[in-house]
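To start, the structure under review is shown below, and the notes come after it.
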Amino acid sequence: MQDNVIKIALAGNPNSGKTTIFNSITGARQRVGNYPGVTVEKKEGSKCCDGQTVNVVDLPGIYSLTAYSVEELVARDYLINEKPNVVIDVIDASNLERNLYLAVQLIELGVPLLLAFNMSDVAKQRGVNFDLELLSKLFGAPIVLTVGHKGKGHEELLETALKVARGEIKYHPVKVSYGKRIDRLIDGIEPLVKADPGFTGRRPARWVALKLLENDSRVFGDVKSPALAEAVKEGVEYIQKIAGDSPETVMAERRYGFISGACQEAVKTTVELRHDWSDRIDAVMTNKLLGLPIFLALMWLMFKFTFVASEPFMGWIESLFEILGNAVGRFLTAGSAIHSLVVDGIIGGVGGVLVFVPIIGLLFLFMAVLEGTGYMARAAFIMDGYMHKIGLHGQSFIPMILGFGCTVPGIMACRIIPDRRDRLATILVLPFMSCGARLPIYSLFIGAFFAKNGGTILFTLYGLGILAALVSAKLLRKFVLKGEASPLVMELPPYRVPTVRGVLLQTWEQVRMYLKKAGTIILLGSVLIWFLSSFPWDHDYSFDYEAEMAKAQDAKGDEVEGRIAEIEARMHADKLRSSYAGRLGRVIEPLIEPLGFDWRIGVALIGGLVAKEVVVSTLGTLYSVSEANEESHTLRERLQSAKWPNGRKVYTPLAAFSLMVFSLLYLPCFAAIATVRKETGTYKWPLFVLTYTTSVAWIVSFAIYQVGSFFRIGIH
Amino acid sequence: MDNKVPLTAVKLGQKVKLRSVNAGQGLKCRLSAMGIVPGAELMVVNTTFAGPMVVMVKDSKVILGRGIAMKMMVE
Ligand SMILES: Nc1nc2c(ncn2[C@@H]2O[C@H](COP(=O)(O)OP(=O)(O)O)[C@@H](O)[C@H]2O)c(=O)[nH]1
């Protein structure tokens, strides 16, 4: 070892227990990032043993090494370019043949390989006996039996890995036979590969030859010599002719043949035990009739619990930031711009975002549990038929449900959708799912104008959001992301009891990502909104508030403080009106007037870009109520009596409904837009979301307000 | 050899052998990687009304969307 660092890469099928083993080897010393240019997660960790630093990279969970999926490409490129000292292939020993398919491809790629037969406890239960020595010889790699969540065999695994890395265990790469005729074909192409300047020897020639025959577009792109190209073309035709199917399929078939042969020799099953408890649970959970109601009930419970359980935490965070703001504010000159920036802009802005951490954390905790148990795959199974009809994927449903809580984790959860276009379509319609932050807006206006039939209105709003998402998905599939949603092909893993540690680690990862965002983009956004609504700083008041305040101060009585607060608030509102945000609001007033909104609503909607509940607090400021929240009756009363300059009421029930609909549909908060940017990797899609959602919001609100006004519905 | 039917026509619990898949390369490779290659034994273990089905292949279960199941010919 020249640089004394051993690089271990962990490969394996999804659900083989790879993450469990990774966590157990590396402990808490993990770094999570992305592979350059793609949104595939890259987990790294390190460990010290025998005075040697060991770096462990967790490759994405994959079934093979083709060029058809990003994950597989990423894993392949990593193995080829980074040349890890040893690759541990984590294999689900209870499902050996399927899992060995990847192992065979790793062998062919010529990496120094170590096979971890994980889930060996399950295999044992099923009465499977392995002749490890023989298997090890047949596959040319050492094998270690492990039980992931019990830590069994991990020491030995690491020791063996180090031995392989140091070259103390010789491995003899075996050649998988594809049948005499195809083998001969491969042997003929190999020298041509070696002679081609496009292949410098980082990839084994035989592997290149195989991939070329398998129509691997990535490898084929590197072919330089016409002789090789010609030979490959002929070879492909030859295989097609002798086997009657495309080479990829034929080669896959032969690989399974090789594996089957090996397993017949070296694996003995003594008991035939099929109907296990996993099947029995599934008989209920994925039952034709019960599956859907159970799923919906679970989702409902998840939300109910999340909102109820996170409430006290949110209260604590709010008060914490209030205390913090007050404490820090004491060191700064009251009334100065810097005081306002720090207390209102930064602390207030970030606090307003951190308030959502409990909700996000709990939602992701639930998700991690559902995923860990294997229920998520069942959910996809249950929903696929319905989702497919609107052009989305079975796995689109979970992110959309999450979107009811918060758009950000919903968009992040779209990573589980394998096909890029399916994923994009889901991400783009997700903002229409009414998130929890829009709820304060609804409560305010429903309380003020629809006290009698609040439930119906709320239900209508959520329904409208879902409808907008579904229609948009359909349209997107028709005009932008053309084509059918890709069919669902996914493994249905057996039910398992997730480990506490695995669940917590996964949840923390998501929360950490959210926190990072709060510290960057959202912070910038809040400062921007603060700036717009606080400047120009020196405002010539049309009214002498100071004098009135002094007068109030002199006056005796209990309500002095109340009086002063009210005057301050009026002063603030006056200032806000002439601030940049206020000016902007008045500039856009003609645009939003047909929807029934005045400039104040315009400002509030702009404020809502930071987070939608800011709409409520902004309206509160604008209507001169110092402590505005959705419970504030004074704000409600003021809204009810607010007038246009011509004396007409601003908020008729119709306008209020129009405003709620607009709040539901118009562009999501900064955080959501930033997440779209991050998850799609382009500026194009966040811009699309921005314009699309806002246009839809405008058109729908316009229609509602104009039609309503015409028929004189809800204008009193 | 006229006993080939699409997978969607197979009854619950029936064991069949996969003959061919009529799909794009990418999809075929994904199926192959999950053990679904011509010649493999499949058993339908669960279905929904108009949606996907679950098949048992070797020792694992795989969910297959309706669209792809229709394009898989078995006997
Ligand atoms: N019975 C058993 N369960 C295991 C073993 N290793 C991991 N698991 C469980 O299998 C589930 C999936 O493991 P995970 O590491 O998330 O799989 P990954 O998808 O490959 O990363 C978890 O609930 C683990 O607790 C094992 O050796 N035996």
Side-chain angles (χ1 to χ4, degrees), chain A residues 13 15 62-69 72 92 94-99 101-102 126 214-215 245-246 248-253 255-257 260 278-279 282-283 286-288 291-292 377-378 380-389 393-394 418 484-494, chain B residues 1 4 6-8 10-15 17-75:
Chain A
N13 286 185
N15 305 309
I62 48 176
Y63 295 102
S64 75
L65 287 176
T66 61
Y68 288 109
S69 88
E72 295 181 16
D92 173 358
S94 66
N95 182 6
L96 193 60
E97 293 192 28
R98 215 275 317 284
N99 275 258
Y101 187 72
L102 178 66
R126 294 211 188 136
E214 284 183 282
N215 291 321
D245 211 333
S246 61
E248 309 78 311
T249 309
V250 176
M251 312 289 258
E253 232 181 298
R255 280 191 198 113
Y256 277 111
S260 252
S278 202
D279 289 333
D282 261 343
T286 61
N287 181 283
K288 258 189 189 167
L292 188 60
R378 273 84 190 168
F381 172 67
I382 293 166
M383 289 312 298
D384 184 64
Y386 306 97
M387 297 312 279
H388 222 81
K389 292 209 172 72
H393 197 258
E484 285 248 323
S486 66
L488 184 65
V489 175
M490 74 182 291
E491 193 181 353
L492 190 73
Chain B
M1 289 292 291
K4 283 209 282 187
L7 184 60
T8 40
V10 175
K11 279 199 215 71
L12 209 64
Q14 213 174 335
K15 270 191 192 152
K17 213 170 214 163
L18 181 65
R19 276 292 144 237
S20 62
V21 182
N22 176 19
Q25 265 346 308
L27 202 52
K28 265 170 126 172
C29 281
R30 255 175 67 208
L31 289 171
S32 299
M34 308 198 90
I36 302 175
V37 286
E41 266 204 4
L42 309 178
M43 185 170 92
V44 180
V45 292
N46 204 347
T47 56
T48 52
F49 285 116
M53 57 200 326
V54 179
V55 296
M56 185 97 192
V57 51
K58 302 214 163 70
D59 290 314
S60 58
K61 289 180 195 154
V62 179
I63 307 174
L64 295 174
R66 188 113 194 134
I68 183 68
M70 258 171 346
K71 291 177 189 154
M72 295 169 65
M73 300 306 285
V74 298
E75 65 176 10

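Quick note on labels: first sequence line is chain A, next is B, and so on, each numbered from 1.
At a threshold of 4.5 Å between non-hydrogen side-chain atoms, the residues A/P487 and B/L27 count as touching. Between B/V57 and A/E97 the shortest side-chain heavy-atom distance does not fall below 4.5 Å. Residues A/S246 and B/Q25 are in side-chain contact: their nearest non-hydrogen atoms beyond the backbone lie under 4.5 Å apart.
Remark: B/K58 is not positioned above the aromatic ring of A/Y101, lacking an NZ or CZ atom under 6.0 angstrom from the ring centre and at most 45 degrees off the axis.
How far NZ of A/K288 is from CG of B/L12: 7.5 Å, rounded to the nearest 0.5 Å. To the nearest 0.5 angstrom, A/Y63 atom OH is 15.0 Å from B/C29 atom SG. From A/L96, atom CG reaches atom OG of B/S60 across 11.5 Å, with rounding to the nearest 0.5 Å. For the atom pair A/E253 CD and B/S32 OG, the distance stands at 8.5 Å (nearest 0.5 Å). Separating the CG atom in B/N46 from the CD1 atom in A/I382 is a distance of 9.0 Å, to the nearest 0.5 Å. With rounding to the nearest 0.5 angstrom, the CD atom of A/E491 is 9.5 Å from the CD1 atom of B/I63.
Contacts between A/Y256 and chain B at a heavy-atom distance below 4.5 Å involve the side chain alone, from C-beta outward. The parts of A/T286 that come within reach of chain B are both its backbone and its side chain, each placing non-hydrogen atoms under 4.5 angstrom from that chain. Contacts between B/S20 and chain A at a heavy-atom distance below 4.5 Å are absent for every atom of the residue.
Judged purely by atom type and a 3.5 angstrom limit, B/R66 has no side-chain atom pairing as donor or acceptor with the backbone of A/G385.
With respect to chain A, the highest number of heavy-atom pairs below 4.5 Å among B/G65, B/A40, B/G24 belongs to B/G65. Note: B/V62 leads B/V62, B/I36, B/L64, B/V45 in heavy-atom pairs under 4.5 Å with chain A.
Summarising the geometry of B/I68 relative to A/L488, their closest heavy-atom pair is CG2-O, 4.1 Å, with the distance given to 0.1 Å. The minimum heavy-atom distance between B/T47 and A/F381, with the atom names listed, is C-CZ, 4.1 Å. Annotation for B/D59 and A/S94: closest pair CB-O, 3.5 Å, computed over non-hydrogen atoms.
Salt bridge B/K28/A/D245: present, at least one basic N to carboxylate O contact under 4.0 Å.
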